[in-house]
Amino acid sequence: MSAHEAILAKLPEAFEKAQASGDLLFFPSTVHKHQENGVEFEIRLCPALQNKPRLPTPDFSADAPAVEEKEKKKSDPFAPPYVPNLYLGEVRDPEEGDEYVILFNKYSVQPHHILMVTKEFQSQTSPLMPPDLVQAYLFLVAARKAGRKFFAFYNCGDLSGASQPHKHLQLIPVEDAGPPIEQLARGVRLEQEDRPFALSSVPYANHVRRLPSSLPTTAPSALEPILTDAFLSLLDLAISTVRRDGTYPPGPPSYNVVLTLEHMHVVPRRRETHTLAGTGEELSVNALGFAGMLLVKSEREMEAVTGEGVGVILRGVGLESVHEEQVSEHEAGDAKLA
Ligand code: AMP
């Protein structure tokens, strides 16, 4: 059994134990379906979250003074010593030697929500590296072997909805069809399977790559070039989208990544929160929102979200799509090369 399989196999028992001990706080919720833009969005209503203290967005800046750096490390929940009931094990990338610690999300809205944190501190503003992609994908493969479905996501940068500055990818279980946005991606007919595409029915910039259908059964050692090439092509496009927005704030770009067995999605971000027209309150959006899964804390917030429209909210925290211009530029580049 691989380390990934062993970690997933212990989730049910370990989750019960972590919750019973009080080290893991579970917030029950109900899921409401909401049709829009050809997507069946899931809006999760979780009133218990009103009692969870909202963490301020951390200072992601790389040039913070050394003293603050020390303070940050002291308050880093993803650094050792780990809470034994939240600690699930470790995985190591055999090619690059990178190590990851797997922890339960301490504040769980979804049972079995796990975090893959870098063992050495790395910044949440840094892009996904080849071993990050491979190790996350291996969890998705291990889940499939166990008859379960998970997807991975990454909130990169201070406008992405991340709340911790220590690099962490996240994995959550999902129903068989996958996250709502995946159903839209799956329906897109592609002339060239290995070219980036965009979901044109949603009103925000998004960049997607279809992964080869053989990838889940590909040897782990052969995953790296395929996942890395997909990510770099999407990151290039996300940066090109950001550059076309003359008002984008300075600093490294923020974006969300959603990874399933079949697709990789990268969505550039312009803002962390959207001010809801119906309540005047801020709604924080992270990669889960762009996977098609939003989280609200009250009926009132639910009404504000459905009344305003999920598309409007996601466009509010994302960017305008410039996919058509990018395609024409790419084709002009190809013609020049020919
Ligand atoms: P993000 O907010 O996307 O950066 O993800 C970080 C996640 O870490 C959040 O979902 C928090 O619930 C979770 N979290 C915060 N503190 C801890 C902790 N001490 N142990 C485990 N998970 C934590």
Side-chain angles (χ1 to χ4, degrees), residues 7 11 14-15 17-19 21-29 44 46 48-61 71-90 100-119 121-128 132 136 139 150-174 179 252 254-259 265-267 269 271-274 282-291 293-297 317:
I7 288 171
L11 290 183
F15 185 81
K17 189 169 171 226
Q19 197 186 346
S21 69
D23 288 330
L24 184 152
L25 306 175
F26 178 63
F27 300 94
S29 58
R44 195 173 276 274
C46 186
L49 276 182
Q50 288 172 25
N51 308 324
K52 181 191 163 194
R54 165 123 170 71
L55 295 170
T57 304
D59 178 8
F60 285 96
S61 60
E71 278 307 306
K72 263 192 231 163
K73 278 204 181 124
K74 249 201 282 173
S75 59
D76 177 4
F78 303 156
Y82 305 110
V83 175
N85 282 324
L86 298 180
Y87 175 91
L88 292 159
E90 300 189 9
Y100 303 87
V101 177
I102 312 304
L103 303 171
F104 271 129
N105 185 332
K106 181 178 171 71
Y107 307 101
S108 276
V109 173
Q110 303 243 41
H112 304 181
H113 179 166
I114 58 174
L115 310 173
M116 187 179 119
V117 311
T118 57
K119 194 160 181 184
F121 181 88
Q122 286 181 35
S123 167
Q124 191 72 5
T125 56
S126 62
L128 291 176
D132 302 337
F139 272 111
F150 275 65
F151 73 97
F153 59 98
Y154 181 56
N155 301 318
C156 184
D158 52 0
L159 306 175
S160 68
S163 66
Q164 294 294 337
H166 182 146
K167 193 177 199 182
H168 56 285
L169 285 87
Q170 308 187 47
L171 292 134
I172 54 168
V174 70
S254 294
Y255 54 90
N256 296 123
V257 182
V258 173
L259 176 67
H265 304 242
V266 174
V267 178
R269 292 292 299 274
R271 284 186 197 86
E272 184 199 344
T273 60
H274 176 77
E282 301 287 309
L283 181 78
S284 180
V285 179
N286 69 14
L288 286 180
F290 287 97
M293 302 158 79
L294 283 106
L295 185 63
V296 296
K297 300 192 194 78
V317 296

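In each ligand, atom 1 is the first atom listed, and ligand 1 is the first ligand listed. Values below: every heavy atom of this structure, side chains too, minus hydrogens, waters and symmetry copies.
Heavy-atom contacts of Phe104 reach the following atoms of ligand 1: 21 (C), 22 (N) (cutoff under 4.0 Å). Per-residue contacts place Leu115 under 4.0 angstrom from the following atoms of ligand 1 (heavy atoms of the residue considered): 8 (O), 22 (N). Contact atoms of ligand 1 toward Ser163: 1 (P), 2 (O), 4 (O), 6 (C) (distance under 4.0 Å to a heavy atom of the residue). Those atoms of ligand 1 that come under 4.0 Å of a heavy atom in Gln164, given as number and element, are 4 (O), 15 (C).
At least one heavy atom of Asn105 lies less than 4.0 angstrom from ligand 1. Heavy-atom separations between Gln170 and ligand 1 include at least one value shorter than 4.0 Å.
Formation of a donor-acceptor pair under 3.5 Å by the Asn256 side chain with backbone atoms of Ser160 is found in this model. In this structure, the side chain of Asp23 does not engage the main chain of Ala18 through any donor-acceptor pair within 3.5 Å. Side chain of Gln170 to backbone of His113: no donor-acceptor contact under 3.5 angstrom is found.
Under 4.0 angstrom from ligand 1, the non-hydrogen atoms of His168 all belong to its side chain. Counting heavy atoms under 4.0 Å from ligand 1, residue Phe78 touches it through the side chain alone.
By the 4.5 Å heavy-atom criterion applied to side chains, Cys46 and Leu295 are counted as neighbours.
Ring planes of Phe15 and Phe26: perpendicular class, angle over 60° (limits at 30 and 60°).
The aromatic ring centres of His168 and Phe78 sit less than 6.0 Å apart.
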